Every structure is written in C-alpha cells, then in structure tokens.
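Quantities reported herein were computed from a predicted structural model and do not represent experimental measurements.
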There are 10 protein chains.
Amino acid sequence: MSRNEKELQGVTLLGNQGTKYQFDYRPDVLETFVNKHPDNEYLVTFDCPEFTSLCPKTGQPDFGRIVINYIPRERMVESKSLKLYLFSFRNHGDFHEDCVNIIMKDLIKLMDPKYIEVRGIFNPRGGISIYPFANYGDDQHQDLVKARLLASFDPVKR
Amino acid sequence: MSRNEKELQGVTLLGNQGTKYQFDYRPDVLETFVNKHPDNEYLVTFDCPEFTSLCPKTGQPDFGRIVINYIPRERMVESKSLKLYLFSFRNHGDFHEDCVNIIMKDLIKLMDPKYIEVRGIFNPRGGISIYPFANYGDDQHQDLVKARLLASFDPVKR
Amino acid sequence: MSRNEKELQGVTLLGNQGTKYQFDYRPDVLETFVNKHPDNEYLVTFDCPEFTSLCPKTGQPDFGRIVINYIPRERMVESKSLKLYLFSFRNHGDFHEDCVNIIMKDLIKLMDPKYIEVRGIFNPRGGISIYPFANYGDDQHQDLVKARLLASFDPVKR
Amino acid sequence: MSRNEKELQGVTLLGNQGTKYQFDYRPDVLETFVNKHPDNEYLVTFDCPEFTSLCPKTGQPDFGRIVINYIPRERMVESKSLKLYLFSFRNHGDFHEDCVNIIMKDLIKLMDPKYIEVRGIFNPRGGISIYPFANYGDDQHQDLVKARLLASFDPVKR
Amino acid sequence: MSRNEKELQGVTLLGNQGTKYQFDYRPDVLETFVNKHPDNEYLVTFDCPEFTSLCPKTGQPDFGRIVINYIPRERMVESKSLKLYLFSFRNHGDFHEDCVNIIMKDLIKLMDPKYIEVRGIFNPRGGISIYPFANYGDDQHQDLVKARLLASFDPVKR
Amino acid sequence: MSRNEKELQGVTLLGNQGTKYQFDYRPDVLETFVNKHPDNEYLVTFDCPEFTSLCPKTGQPDFGRIVINYIPRERMVESKSLKLYLFSFRNHGDFHEDCVNIIMKDLIKLMDPKYIEVRGIFNPRGGISIYPFANYGDDQHQDLVKARLLASFDPVKR
Amino acid sequence: MSRNEKELQGVTLLGNQGTKYQFDYRPDVLETFVNKHPDNEYLVTFDCPEFTSLCPKTGQPDFGRIVINYIPRERMVESKSLKLYLFSFRNHGDFHEDCVNIIMKDLIKLMDPKYIEVRGIFNPRGGISIYPFANYGDDQHQDLVKARLLASFDPVKR
Amino acid sequence: MSRNEKELQGVTLLGNQGTKYQFDYRPDVLETFVNKHPDNEYLVTFDCPEFTSLCPKTGQPDFGRIVINYIPRERMVESKSLKLYLFSFRNHGDFHEDCVNIIMKDLIKLMDPKYIEVRGIFNPRGGISIYPFANYGDDQHQDLVKARLLASFDPVKR
Amino acid sequence: MSRNEKELQGVTLLGNQGTKYQFDYRPDVLETFVNKHPDNEYLVTFDCPEFTSLCPKTGQPDFGRIVINYIPRERMVESKSLKLYLFSFRNHGDFHEDCVNIIMKDLIKLMDPKYIEVRGIFNPRGGISIYPFANYGDDQHQDLVKARLLASFDPVKR
Amino acid sequence: MSRNEKELQGVTLLGNQGTKYQFDYRPDVLETFVNKHPDNEYLVTFDCPEFTSLCPKTGQPDFGRIVINYIPRERMVESKSLKLYLFSFRNHGDFHEDCVNIIMKDLIKLMDPKYIEVRGIFNPRGGISIYPFANYGDDQHQDLVKARLLASFDPVKR
Ligand SMILES: [Ca+2]
Ligand SMILES: [Ca+2]
Ligand SMILES: [Ca+2]
Ligand SMILES: [Ca+2]
Ligand SMILES: [Ca+2]
Ligand SMILES: [Ca+2]
Ligand SMILES: [Ca+2]
Ligand SMILES: [Ca+2]
Ligand SMILES: [Ca+2]
Ligand SMILES: [Ca+2]
Ligand SMILES: [Ca+2]
Ligand SMILES: [Ca+2]
Ligand SMILES: [Ca+2]
Ligand SMILES: [Ca+2]
Ligand SMILES: [Ca+2]
Ligand SMILES: [Ca+2]
C-alpha cells in the first residue's frame, strides 16, 4: 500500500544530496505530490518554528514561527520543498503582516487548496510581539473561513 | 456486573503469552469486543505516543503520536490488538498524510463506528512538523464530522 | 445562612469516625443532600484522580482519573460518599469503557440530575492510554448532551 | 482623562488606613463605583486565589480559588471591597456549592449586572476536588447564560 | 515584493535614533501604515506584557499585560508607535477597567478597524487580579463582537 | 508487618470523629508516634499548601505554603495533628519570618529531630512575595544545616 | 550481543500469560537477572507512579508514586516482578514512612546492591502531602548515602 | 507570641493611608524592624516581579524581576518599604548591571546583613535578555559568597 | 574560519543522498571528525528522543530517549552517523540496562573521549519506567565520573 | 548616580539610527563599556534565543539559542553590539561545536573576563539535538571552570 514511484512523481528535493539553499524569496522551489485520499476532506498542519526574515525599514533580522493548516484538493505541498521556500525569506525584508499574506497566497497558487490558513508567531521587539493570521477558502468553505478567523484570536496561550 | 466469558469472546490477544510482534502492516491483527452500552452514544479516545514508520522515499524512520477518537456502534476495538496493529507500521514506508488515512479506513472497516477521527502528531524533520487529521461519520453524524474538523486546527497547543 | 441540621439530613458519612472502606463495587454507599438553589441551573464538577480497578481478563490493576460534571435537580451527591463509592471499584474487574458507563448510570439513578457526564483518564498500558467519555441529559438538555460530547474530544491536552 | 473625585465617590476602602477585617460573612462591606463606559458591553474578570471557609458539618477549613466574570450595567464592584467581602467567609461554614451560589446572589443584588458568573475551584479533600459554577443574566443575556454554562465544564484543564 | 519607500510613508518612528519617551498619556504618538492586503479579512495580534500605569486614588504603580486583536480596514497601527503609546500610561492614573476602554477607543479612532478587542491582564493587588476585556466591530462584524465576548471569559487559563 | 495497636499508641486524632478545629495558635495539639526504623537516617517531607495567618500590624489575612523536611530520631509527628497545628495560625497575627521560626521551634520541642527545616512560600502583597527558610540540626548534623541553607536560596524555581 | 537464554535464567514472569496478581504484601514475587556490566558502576532508576496502600488506622486507600534508584552489584531486579511486588501493597495497611523503609529493605535483601534509595511521593490527605525518602549503601558508598540524602530535600519541585 | 507594639517600632509605612509613591531613586524610604530570632542563621527571600527603570542612554523603559536573598543580622528590611524603594527606580536611568549592584549596596548599608544577594531578570531587548547577579557576605560568610555565585549561573531554567 | 574540506575528511554521511538505514545493530556506521579546539576541555551533549529497540524476551518494541554527554579528546562523533547508529537498534532485542551500556562502550571505542555518559529514559511498561545511566572517564576524570553519577539520580524531573 | 556621558564612552551602537546589519562573521562590531563595580565579583548572563548559522557541509540553516555567563574584569560587552555580532553568523557555515568555541574566544579577546562560559542549544536535525558548552577562567578561577563544566551536563532540563 506504500506510495509507488509514480505516486512520488514531482518530488525531486526529498532525499536529494545536492540541495541548494536560496535566501532571496524563491516561491518556485515549492513542489507538490498527488492527494491519494481526495474523497474525504482532511486536514494537514505544518508547524515551522525556524522562520526568519528582515525588517523592511531597518534590515534587522526577525524570528518567528509559521503554522500552516490546509485542506487539500488534488495536490499537496511536499514538506522539504516547503522548508526550502520558508528558508528563502532569510535575507528578504517585509513586515510580519506582509510575510504571512504572501506565504498564504503562494500556497494557494501552488495547490489550489479547498481551505488554507497561515499564522505567524513572531518574537518580541521592544517588548511587543506580533501574531498575524490570514486564511482563505473556496466557495464551499466560506463558513470555515469565518469560523477559523474567530477561533484564531488567542495565540498568546500557546 | 463484570464482563463474563461470553462478553470477552473474540478477545484472544489480551493476556496472551505468545504474542507475535509483526512489523509489516498487518490490519488483520485487529480484534473487537461487543459494546455493552449501545443505547447511549459515548466517546472513546486512544492516545498512542509510540508510533513509528518509514519515509516512503528515503527509508528513514519517522516518529509520531497517533490519537484516535470514536463513537462505537456494536463492536469496539480491543486495545492490545490496536497496539499490535500500530506496531505493524514499524518497517512500512508511507507519507504521514497517508498513514493517518489508512489507519482511519482500517478502523472503519473493522468496527463500522458511528464516528471516528485519527490525528497524527509527527516529530519534526528539517525543522518542520506535520500533523494530519482525518475523520468520518455515518449519515447521522455529518454535523459532527464538520464540527470536529473545525475543532482540530490547533494541535500546536498540545 | 449556613446549612442547618435539617438541611444536612441524610449526610451520615461526612465526619464519621467509623468509616468502613468497601472494595467490591458498592453503589449503595452513595448519599445525597438537598439542593438549596434549585431555581437556577448550575454546574458541579468532581475531579477524582485516585481511581483504580482491575482488568476483567488478566486481573491486573488499572489506574485512572475520573472527572464528573453534572447539573443538579433536587438532590446532590455528597462528596465523601462519592469517594467511598469510587474506592469500591478497587478489587472489581471491568474494561475502562464499562466502568465509565456504570458510574454514570449509578449517579443518574441516585440523583436524577438534569445533566451528567463522566470522563475516565486511564494510565497507559503497552504504550496506549484510553479515555472513555459518557454523558446523559433529560429531555430539556438534549442540546447540552450533543454539545458536550463534541467538546470532549481533546482530553490529551490535559 | 483620569477619574476625578466625583467619579471616585463611594470608594471609601481603597487606600484607607484603618481597614477592619471581618471574618463572619459581611455582604455589607461591598462598595461600587460608576461605570464610565456603559455604551459598549464589556467584561471584567476577578481571579481570587485566597478564598477559605469552613465545612458546615465538621468545621474543618476549606481552601479554594474564586473566579468571577461579569458584564457591568451602571455600577461596578470596587476590588478592595470585594477582597474584604471574600475574606468574610473565613470563619463561616457552608458547602462549596452553597458558597458559590451565595457570592453570585450578593453580587447581583449589589450591582444588578447584565451578566455574572462565579466559579469555585476548591482544594481536594480525601482525594476529590469540587468545582461549582453558577451564572445569571438579565433577559437580554439568556443566550450568554447557556453558552457560558456549556463552556464551563472543563475546569480541570486550568 | 518588499515594501517600497512609498508604502512605508508615515512610518517615522521605526529605526529613528532620537526617539522621545513620553510618560503622560499621549495618543498622538500613534502612527499607521497602509494595509496592502485589504481584499481578504485577516487578523493581527499584539501581545504587550510591559504595561504599567498608576492607581487613580492612591498613586501606586500597577503592572499588567495588554493583548490587542484587530481586523484591519485601510490603515494599520505601526508597532513601535504602539509601544510608545502604551509607555505613555506610565505616569497616568486610572482604573484597570478604564485603561482598557481608553486604549480600545484610541485605536478605533486611529485606524477605523473592522473589528478590535483589548484585554488587560493585571498583576494581583491584595490577592485579587483584574482582567478587563472590551471589544468593538462595525455593522458587518456584530456577530464577531458577540462571539469574541463569549470566548473571552477564561483568561485565567493563560 | 503492619503497625499494631501498641505501635499506634498516642495517635488519637487520626480517624477521630469529633475533631475540634482551634484557630488561635495551639502547639499542644501536636501528637507523635514511634519511629520504627531508627537504625538508618531517613528523611520525611511535609508539603502543606493551605497555611493562612494574619498580618500583625493590619490584621489582613496572609496565605502561603509551608514545606517541612526532617530526619527523625525516636518520635515522629503524626500528620493529622500537624494539620490541626498549622490550622491554629488561622486567626493569629505574625510576620512571615516569625511564623516560620515559631513552627520550627515547636517541632524541635515536640520531636527532638536530628535535623529539621521549615520553608514558607507566601503569596505576594503589593507585588512582592516573601519566602523565609529556617533550619536546625543536632551536633552531628551541623554540616547538613549549612548545606541545606545553601541549597535553599532558589525557591522561585518551584 | 542480545541476552541469550542463559542470561535470561530466573526471569519467569516477563511475558508470562498466567500472571497472578497478589494484593497482600508478597516480597517473594521479586525476581532478578544477572548484571552483565559489573565492571563499571552504573545507575538504574525505576519510576512507579501507580502505588496504592491502606492507612493502618482507618483502612482508607492511599495513593502515591515510588521512585527507586540503585547501583547494582551482581543481580538486578526484573521490572515486571517489581511491578507485581509493588501491586502487593494494594490491600496492605501501613504508614507512608513505613512502606518506603520496607520496600528499601526488601530490595536490599533481594539484590545486595552497592547503593539504593527509595522515595515515596504520596497524594495529599487533609491538605498535607508526605514524601518519605530512605537510602542505604555498602561501606564503599557511605559518601554517596550522605550526598543523596542531602540532595533529596526538595521533592516538591517534581 | 505575636509582635507587640515595641517590636513593630520603626515600621511606619505598613498599613499607612497616605503613602507617597516617589519615582526618582529614593533609598531613604527603606525601613527596618528588629530580628527576633538572631540566634539561628536563617534565610529570607523577596521575589519582586514588578521592577521597571529607564535605559541610561535612550531613556526607554526597561522591565524586569528582582530576586533578593539575605541572612539577617540584627535588623530586617520591612517589605512595604522595600516595595516603595524598588518603585523609586521608575523614572531613573541606569544599565541593568548597575541597578543590581546599587540595590545590593543600599540594602547592605541599611541592614548590615550577614549575607545578601540580588538577581535581576530583565525582559529581552532586540532578542537578548540580561540577568545580572551580585552578592556579598561578611568575613564569616565568604564560603557562602563563592558557593552562591557558582549556583547562580543558570537563571534561564526559571 | 569555517571548516575546510580537509577538516571535514571522514564525514561521508552528512548530506549524502543514498543513505542506507540499517536496523540490526551496526556500530560500524559511526563516523568522526577532528576536534579543532583540543586545548580547552569542553562538553558536547546529544539529545536523541527517537530511540526504539525490542524486548529481548517478548520481542515487544520499547521506546525511549537517549541523552549523551562527553568531553572530546582528538576525534568527535558526527551527528548524522550517530543517528544512523541509534536507528540500528530498531530491530535489536536487549534490556534497557544493556542498551545503555552497549552504546557507551561503542562510543568509547570510537572516540576515546576524556569523559562520556549515556542516559536512557524509557517509556513506561505496566506502569513502571526505567532510566539507566552509565558513565566513564580516563584517569584524569575519575572525580567527574563520581560527581556525575551522583548528579544523575533525579531524571524524573526532566 | 546614573551613568554620565564619560561612563558611556565607546558605546556607539545603542540608540544609533543607522545600524548596519552584517551577516558574514564580524567580530569587530563588538563594543565594551567600563565596569563601575570592579571591587566585587559579580555575574552577568545573556540569553540569546535568536542564533542562526549554516551547516558547513550542506549549507542548510541551523537555529539555536546561545547562553553566555561571565564575571567581568574591567570592561563589559555592550548588549546591542553583542546582538549584532551574533547576527553576523547568519550566513556563516560551521559546526555547532565550532561556533560555541569561536564565540567564547572572541569574547575573551574583547573583554579579558575573569571567567566566561558559552552554551549553544541547537534545534534538532534528524531527531537529534546538539548542545555544546565551553568555558574559560583566569588562574584565580580554575576551580570555577571545573565546577561549571560539571554543572552544565543537564541542558535537557531547560
Ligand atoms: Ca515562538
Ligand atoms: Ca509527539
Ligand atoms: Ca485542539
Ligand atoms: Ca492521569
Ligand atoms: Ca486551586
Ligand atoms: Ca475549558
Ligand atoms: Ca501577567
Ligand atoms: Ca480564552
Ligand atoms: Ca504558593
Ligand atoms: Ca532550589
Ligand atoms: Ca504524585
Ligand atoms: Ca530533587
Ligand atoms: Ca521575567
Ligand atoms: Ca521520554
Ligand atoms: Ca532552543
Ligand atoms: Ca543544568
């Protein structure tokens, strides 16, 4: 019942020796594999505590955690390529609020998911922490969009 | 009021000395016993922190926790046989997302539950953790399917 | 405004010197007192981390925590008698799922509550933990029964 | 924009040197100040971990935490007077379930709030902890009364 | 895709060397930048654990944490200016309940957000902690106002 | 191998129905039983989180946790009598530093232990918590006195 | 390099189907296996959170955690037999301080270890918890006996 | 056995109505009372989580926790006066390392303690937290000075 | 100042695409690199929470965490090869106490470290957890061997 | 008593608007200020959770926390310059063990401290975490070097 080679088609980075790490915003490194369970709606969560980018005005490094939840349609993002994509913000400058929206839009374009949300949990600067949250759903998931926005108001508890 | 021998029929692995541990995906080891309280809907949760399988592309071992919630109909899965079933993924290769869907489908086939859900909480690889969640309900439990999918977006808090 | 003697009628175990501890399932030790605030619906929770019973097949001791929530009608269970009742499972053998259902049914019979729920949180055996949850409500509380069942799917967070 | 003297009228205990501590149930020590933001409904929470009273049958001291949530109408309880009121249960004997109902009723009488709830989280006796919860709302807040009762079934997670 | 200079217009405090810290309630220090993702509703959270003000009656310093959640319309508050604004309560006297309402009203005036909420989590005085919570929404977000008020009754869990 | 009646001599409060609770400093309620293992030095710890007394100047109730460690010689304090003794500070006024020293001296007089220490962990007043620690040893345990004093500087970590 | 049959000699309970659970203090159920690494001193810890016994005066069940540390000489206690031994206190009455000393003495007699210590961490009764600690070493380990007694004064931190 | 009026001499701020809060470094507000247990060396700990001062170069507010441990000689610092003293750093500018040394020196001058130590645990700025630790002892406590310096290298664990 | 190719000599597995995972005890997969800072003694810790092996008698999988501390001499173990070595216990049967000793001896043979220790923290079986700890030092580090054995008696705190 | 301008000499980066962030190992950005309390030995701790560097073989980003403890002699490192120095490892490749040694050596060269130690706590790769620890002291602090090395074997507890 394991995935055969055909089902792994398009997955080129996983297990690849010569991985190149790019640090300048490269949405093109993202790869997908096929969803083998399209009949039932299910959820996939990525917890990515190693996100770092630069302040767009001062150039200072910022550090945060990115949490992604999505319901796949036909294609699913491969996790090593997701890691490389997130690493590519390393020397890129943008506000926290912008990074979170950009990541969500890139993943929508890549996978056309039924639903997706992206949360950023950034380390404090000057005693204040910022946690942006953006989400999206197709026409069949507008209720979920509203419900999850409502449920996402308490990241401090983490 | 204890279970008598008849009510324990079909439970062959519990307390059995010669248990054989199989490490190659063996859904046939699953056993059930009869639900003695079928009149009221109730919930059973299994927390299984010792799940391990292999990456389907590189063969590297993965480690995770499997959490199962279900509402029984007539038959209930016996916990020692569930342990043996989960151990049987030990040398089996599959993506995290696939394992979670396979486990759910095997338990549906075994018990025909009114409702069931399976969550995988896998250890990080390359700084990213993956938490798939799949669920299912019969026609009377479609609202529960939607409500639980919505409630399952925050495994990071664990 | 303290409870007078009449309001304490039926409470014979609390403060009693000659308490006898019975270890063989004795639902008859349960005692009640009258609810002095029947006009508004309110909630009482019992957290009982010292529950132990025996496996019905192997006789091995099991350990768990029992959490009870209920909305009283006219009578309320006295907590020392509840302790003695739970202690009486000490040398009694039953599956976790059965114990939880039995406790709930005994308390319904004792108090005729408007609503009640019982959760068991049992220690792991063979790397797996089981958490059964059962609930009940009268005709006016069927919505609560459904809502609480839904809300009880995440005991792992405890 | 600070409170002027008129807006502090009726607040006599705060900053007062000769505070007298009464230990025999004195609801008359409660004081209020005017709500300066009556146009929008908002919430005030008091967390009071230093509550102690006596068992009505044995006289043994009990210890607990009282948590109060309310939506003010025109008057708001001043926190130092609330402290003195809660201290006045020190040598008073009552069941946990009764104390929580009495506190709620006294605060309703004092402030006529739009909504109020009182939770008691008492230390274990004989291995069992009791957590009573009572709430109240005016006609416009009956939905909130139901929703909060439902949301208050899991104090163990605290 | 980074913010260009035009998109950073109005942001004068971030990275500025000669920052002046004002300690006497100065809502005029607040600054905004333009929302680049106005098409989808998203959430921004600020966690500000370094809030301090004075008691309006005794002058004693109070310490607390301020948590702000909002859904932006066209303008967004810049975080360094928010820090300076919150610092300006340092030598200002007001009740906890008043501070939280004032902060919310100032941010509404500044940004005209679709929705906003402010929670204060203040340190205990005399064994009691106070946690006020206020929120606001435009006509399209009245459901959110009610839902978030309901969800905000349990700050003790933090 | 259980304790026989003779070995329980002097233990009059444990299991006693008519327990009288005294709230005015009563060191005479303390009781002891004989140490059945006098040949090897061993340690007994009591953790008592329900201590309350009064401020000697203002009369305000204080709350704290008392932790006692000792090495018995011939007699050992019975835990129910210790509970009654600690309850007897309920309406007694003294500084935290004094209470801790008094408790230690009373237990020395009662048991003549080889070594004893008493720690108080009191709740904050005005934003400051006080944790006094006193200890004592006979001539053979002066090294332990010094070593434990050194080891007791970090109660905050608890 | 695995243990061969000879090296497993004397281990009769592990994997045995017909395990009999005895609840009346049975030190004879303890079994040992040979230490294959006698050349270097090493440490083995057992954490046993499921200990229950009875109060010797009232018969009430007590619950606690037993933690054992030892340095083996030639024989080592097999963990399943240790479990059965600890279960055998289930219906046995003794003070906490006595149980801990008895367990230590039985294990010394069984294994003749170079060093051993036993800690009991018992649940509160009447608001007080008791944690006894006893240890022993042969002539070469008297320094360790003193050092570990000193290090064991802070079980509250657990 | 409570403190009489004579033993409370010099304590003028505790319970005083007209307390004046000074925010400009005022070591003269510190008050003491007499040590009633001078015969045995004991330890007093103050945990003060509400410390705030200003950066000496930029004027920005800093926030931290101050923990003080000392062994009294003849005089002991009264805790309300200590609170007022720490509050007096509110509008004072100095490096964290300097504040900790100044506080220690002021308390030495006030009480002439046998031993004292001061730890500062300051909130992060730019992603870095600073924790200074200073200590002092008279000639009889030089070993304690060294031992405590050594023991104070791991504040991160708090 | 980065490591050049010569300094990376012998490191063949790190970044290697065709990694083969062996599950049958293969100490030969371990690799080392040269210690560039041999002049000062320093410490390296590995925390490996994904260890699994089999019970030597029943064949049941066991799960645990392995923590390694060592002071290098001339060669240092490369972490990816350490991972592969630990993975090779996957289908190997041995007692917990034996695994820990074997791992220590293999690493001594590989690196000839000045000092090394290995701790195993295994999941509970039948309600009991086992934590073996073994250590070794050359002649210059015998004091460290004793001190670390003493310091390793409290793994439960982890 | 604040630092005057002369005492702030050499501190050029703190509060500086035009900060340049360098990402290529720049030990020259480190700055110092004079120690105003050289008479007593005291301790300064820096906790830096935002460290990131590259793997010297694969180029993959690594993330970790750097904790620095030191006893100053005449000069002390200024914390903003320390932040810039640590940020300069951002695009630099080295093993974890090397980074920790390099940081320690640079700070010794900068400040000539009486004692210093550097701990790295790096995120897991392939299921294994590495925590290197290096320390140094002048001739008067060789005992501290040994004592701190011994005390630093348990970073997992953090
Ligand atoms: Ca984070
Ligand atoms: Ca996990
Ligand atoms: Ca959840
Ligand atoms: Ca439990
Ligand atoms: Ca509590
Ligand atoms: Ca809850
Ligand atoms: Ca707070
Ligand atoms: Ca909440
Ligand atoms: Ca406490
Ligand atoms: Ca400590
Ligand atoms: Ca326990
Ligand atoms: Ca300890
Ligand atoms: Ca802090
Ligand atoms: Ca573990
Ligand atoms: Ca870390
Ligand atoms: Ca440590």
*Atom pair CZ/CG of G:F33 and I:D98 - distance to nearest 0.5 Å*: 6.5 Å

*Report yes if the side chains of G:K80 and I:I128 come closer than 4.5 Å at any heavy-atom pair, otherwise no.*
no

*For the pair G:N69 (side chain) and I:F153 (backbone), establish whether a donor and an acceptor sit closer than 3.5 Å, ignoring hydrogens and angles.*
yes

*Toward chain G, the part of I:C99 with a non-hydrogen atom under 4.5 Å*: neither

*Do I:Y131 and G:D47 have side-chain heavy atoms sitting under 4.5 Å apart?*
yes

*G:Q142 atom CD: more than 12 heavy-atom contacts under 6.0 Å*: yes

*Hey, could you give me the CG/CD1 distance between G:N40 and I:I108, rounded to the nearest 0.5 Å?*
8.0 Å

*asked:* Quick check: closest heavy atoms across I:D94 and G:R3, and the distance to 0.1 Å?
replied: OD1-N, 3.4 Å

*Would you indicate whether the side-chain heavy atoms of G:E7 and I:F95 approach each other to under 4.5 Å?*
no

*Give the C-alpha distance, both sets of side-chain angles, the deciding distance and a yes or no for side chain to side chain contact (heavy atoms under 4.5 Å, CB included) between I:K146 and G:L144.*
CA-CA 9 Å; I:K146 273 185 196 144; G:L144 186 58; over 6 Å; no

_Residue pair G:D143 / I:L150, side-chain heavy-atom distance below 4.5 Å_ = no

*For I:R119 and G:T45, run side chain to side chain contact (heavy atoms under 4.5 Å, CB included): C-alpha distance rounded to whole Å, both residues' side-chain angles, the deciding distance at 0.1 Å, then the answer.*
CA-CA 10 Å; I:R119 160 73 77 185; G:T45 304; 3.8 Å; yes

*Tell me, side chain or backbone of I:K105 under 4.5 Å from chain G's heavy atoms, or both, or neither?*
side chain

*Are the side chain of I:K57 and the backbone of G:V11 linked by a donor-acceptor contact shorter than 3.5 Å?*
yes

*Flag the one option from I:G127, I:P56, I:P124, I:A134 with the top tally of heavy-atom pairs under 4.5 Å to chain G.*
I:G127

_Under 4.5 Å from a heavy atom of chain I, the part of G:I71 involved_ = side chain

